[in-house]
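The structure appears below as structure tokens.
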Amino acid sequence: MTQTEEYQQARRRAEAKYGFFKHAGVYAAVMALLVVINMVTSPQAFWFIWPLIGWGLAVALHGVRVYLLADKSTVLDALTEQELRQSGAGRTSKDWGRDAAG
């Protein structure tokens, strides 16, 4: 993997994490607003819990995708390297990249 590819991969991971932080921040701000609205308009019924649970599940799944499933690309990279070695007489993706560049 070239330095450019490594940078692009790191940039994608950083953007995914930043996107998650934005999502979580907006979620927290909106939920705080909904709690205030609920307490002011109808304190006897806690309806804010439903969007809190629903959207909270979406934020949690986003976090799982960004932090727990992000290593899937590492597994795919390793499997790709193995396939290239088997089918290309021991050559790796670095060797293939050199052929394409030069």
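As the structure is a prediction and not an experimental result, all values here were calculated from the model. Heads up: numbering here begins at 1 and tracks the sequence.
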Original post:
Roughly how far, to the nearest 0.5 Å, is the NE2 atom of His62 from the CH2 atom of Trp55?
Top reply: 12.5 Å

Original post:
Are Ile53 and Val30 in one and the same hydrophobic cluster, where Ile, Leu, Val, Met, Phe, Trp and Tyr link if side-chain heavy atoms are under 4.5 Å apart?
Top reply: yes

**OP:** Determine whether Leu61 and Met31 fall in the same hydrophobic cluster, where Ile, Leu, Val, Met, Phe, Trp and Tyr are linked whenever their side-chain heavy atoms lie under 4.5 Å apart.
**Re:** no

Original post:
Is Tyr18 reachable from Val64 through a run of I, L, V, M, F, W or Y residues, each pair having side-chain heavy atoms under 4.5 Å apart?
Top reply: no

Subject >> Distance-minimising heavy-atom pair for Val66 and Ala16 >> reply: CG2-O, 3.6 Å

Original post:
What's the spacing between Phe46 CZ and Leu52 CG if we round to 0.5 Å?
Top reply: 12.5 Å

Subject >> Linked, directly or transitively: Leu57 and Phe20 (ILVMFWY side chains, under 4.5 Å) >> reply: no

**OP:** Could you grab the distance from atom CD of Glu15 to atom CZ of Arg13, nearest 0.5 Å is fine?
**Re:** 11.5 Å

Original post:
Looking only at atom types and distance, does a side-chain atom of Tyr27 sit under 3.5 Å from a main-chain N or O of Ala58, one as donor and one as acceptor?
Top reply: no

Subject >> Phe48 CZ to Leu34 CG distance, which is reported to the nearest 0.5 Å >> reply: 9.0 Å

Original post:
If you measure from CG on Leu33 to CG on Asn38, what distance do you get to the nearest 0.5 Å?
Top reply: 11.0 Å

